[in-house]
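So the structure is just underneath, and the comments pick up after that.
These numbers were taken from a predicted model, which means no experiment stands behind them.
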Amino acid sequence: DGEVIAAVGSQSAAEEAGAPAAGQEGFSGEALPTPEILSWVIWDVPHIYQYDTYPTGCESVSAVCALRYSGADISVDDFIDKYLVRGNLGEKPGGGLVGPSLDEAFIGDPRTPHGCGCNAPVIVRAAKQVLSGTDSQVKNLTGAGLETLCREYVSQDIPVIIWATIDMQAWTNTITWEDEVKGDTVT
């Protein structure tokens with residue numbers, strides 16, 4: 001069976017690999033892609049439209065697309081309800097917010113526009129539970145470059161999930177809270 005890979009990417013990594021710029025559809029106006037670049041696409045990964053039902057659930061929706069490609073029979077709702085660790089933010093005495101780390105839980109509800117998301121470790125743990133008892137694997141390749149992910153995984157027909165900002169825009173801090181375990185500031 002195949003592997004499901006979770007990784008974190010950045011705009012600079014995408015630009016480094018020659019990916020289309022933010023908002024650009026395909027390769028229009030550019031030189032034709034090389035055969036190697038075309039091999040960096042897995043054409044038949046199932047697509048799930050997320051925006052109406054899961055407006056902040058891109059991590060879960062992407063994971064389910066990759067899981068289905070790997071043969072798992074799972075819905076986004078089952079992934080969220082049965083496997084995704086979720087947490088909420090609360091108010092600290094004296095002001096400010098407190099809650100789980102983004103590495104420990106999805107903050108909020110992916111079915112609402114107010115969910116804060118999660119990092120790769122949360123999705124990796126959930127996907128491993130879904131695939132428990134199969135030959136498929138899940139790896140966290142956070143920090144790997146986009147070109148490496150494409151050459152070593154996508155070109156081998158192994159799906160990759162990449163975290164990025166909406167429309168590949170520069171990241172902006174919209175909310176901070178205190179990690180309820182470590183006391184660190186989470187942004």
Could you give the distance from [atom1] ([X]) to [atom2] ([Y]), rounded to the nearest 0.5 Å?
X      : Y      : atom1 : atom2 : value
Lys128 : Gln137 : NZ    : CD    : 9.0 Å
Trp43  : Asp157 : CH2   : CG    : 12.5 Å
Glu59  : Gln50  : CD    : CD    : 8.5 Å
Ile42  : Cys65  : CD1   : SG    : 11.5 Å
Leu97  : Glu180 : CG    : CD    : 12.0 Å
Leu149 : Arg151 : CG    : CZ    : 12.0 Å

Residues at least two apart in sequence or cross-chain that pass salt bridge (Lys or Arg N to Asp or Glu O under 4.0 Å) with Arg111, listed by chain then number, are Asp77, Asp81
Partners of Asp78 by salt bridge (Lys or Arg N to Asp or Glu O under 4.0 Å), sequence neighbours excluded?
Lys82
Connected via hydrophobic side-chain network under 4.5 Å: Val85 and Val130
no
[X] side chain near [Y] side chain, heavy-atom distance below 4.5 Å:
X      : Y      : result
Asn88  : Asp109 : no
Val122 : Leu102 : no
Glu104 : Val181 : no
Val186 : Cys116 : no

Of the non-hydrogen atoms in [X] and [Y], which two are nearest, and what is the gap between them?
X      : Y      : answer
Ile48  : Arg68  : CD1-NH1, 3.5 Å
Ala105 : Pro100 : CB-CB, 4.0 Å
Ile107 : Ser101 : CD1-O, 4.4 Å
Pro159 : Ser70  : CG-OG, 4.4 Å
Trp177 : Gly99  : CD1-N, 3.5 Å
Val76  : Val64  : CA-CG2, 3.8 Å

Would you check, one step at a time, whether the test side chain to side chain contact (heavy atoms under 4.5 Å, CB included) holds for Phe106 with Thr56?
CA-CA 10 Å; Phe106 182 99; Thr56 56; 4.1 Å; yes
Result of checking Leu141, Ile161, Asn119, Asn140 against Val124 for side chain to side chain contact (heavy atoms under 4.5 Å, CB included)
Asn140
Going by the angle between their ring planes, with limits at 30° and 60°, are Tyr83 and Phe79 parallel, tilted or perpendicular?
tilted
